[in-house]
Amino acid sequence: MIKKQAGDKDREGILGTLTRFGRGKVSPPSAGNDGKPYVPPSRKNRKSFTTWQDETALKQLRAISHETGKSQQMLIAEALNLLLTKYGKRTVAT
């Protein structure tokens with residue numbers, strides 16, 4: 001049998017209070033009149049993609065973001081534009 005520590009009781013109370021309000025679930029935004037799901041204006045005409053990178057590279061990306069005050073998304077767009085330039089393509093990433 002595992003004994004509960006004093007902090008466990010506080011944690012259970014806090015979690016219970018937080019999950020009571022929404023049962024821990026967030027409803028997606030409702031569809032518009034056209035039946036299409038809501039897309040924030042900042043994401044219209046954009047697509048996402050995922051890559052697997054070494055943890056060290058991601059730490060460096062976070063550090064550069066912190067040092068420059070630029071978002072990681074802005075830095076990745078900058079890197080994509082440098083790659084496009086290298087291969088003679090038009091820079092289009094924003």
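In the hydrophobic cluster analysis, where Ile, Leu, Val, Met, Phe, Trp and Tyr join through side-chain heavy atoms closer than 4.5 angstrom, Ile76 is grouped together with Ile64.
To the nearest 0.5 Å, the span separating NZ on Lys89 from CG on Leu83 amounts to 11.0 Å. To the nearest 0.5 Å, atom CZ of residue Phe49 and atom CG of residue Leu80 are 5.0 Å apart.
Under the 4.5 Å side-chain criterion, counting only non-hydrogen atoms from C-beta, Ser65 is not in contact with Lys70. No side-chain heavy atom of Gln53 sits less than 4.5 Å from a side-chain heavy atom of Leu61.
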Step by step, would you call Arg46 with Val39 a side-chain contact (heavy atoms from CB on, under 4.5 Å)?
CA-CA 10 Å; Arg46 291 179 170 235; Val39 177; over 6 Å; no
Side chain to side chain donor-acceptor pair (under 3.5 Å) evaluation trace for Ser48 with Arg43:
CA-CA 9 Å; Ser48 67; Arg43 292 188 179 174; over 6 Å; no
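A donor atom on one side chain and an acceptor atom on the other are not found under 3.5 Å apart for Thr85 and Arg90.
The shortest non-hydrogen separation linking Thr94 to Ala77 is O-CB, 3.5 Å.
Through chains of ILVMFWY side-chain contacts below 4.5 Å, Leu84 is grouped with Val92.
Legend: residues meeting side-chain contact (heavy atoms from CB on, under 4.5 Å) with Lys59, ordered by chain and number and at least two apart, are Glu55, Arg62.
Within 6.0 Å of CD on Gln73 lie no more than 12 heavy atoms contributed by other residues, nucleotides or ligands.
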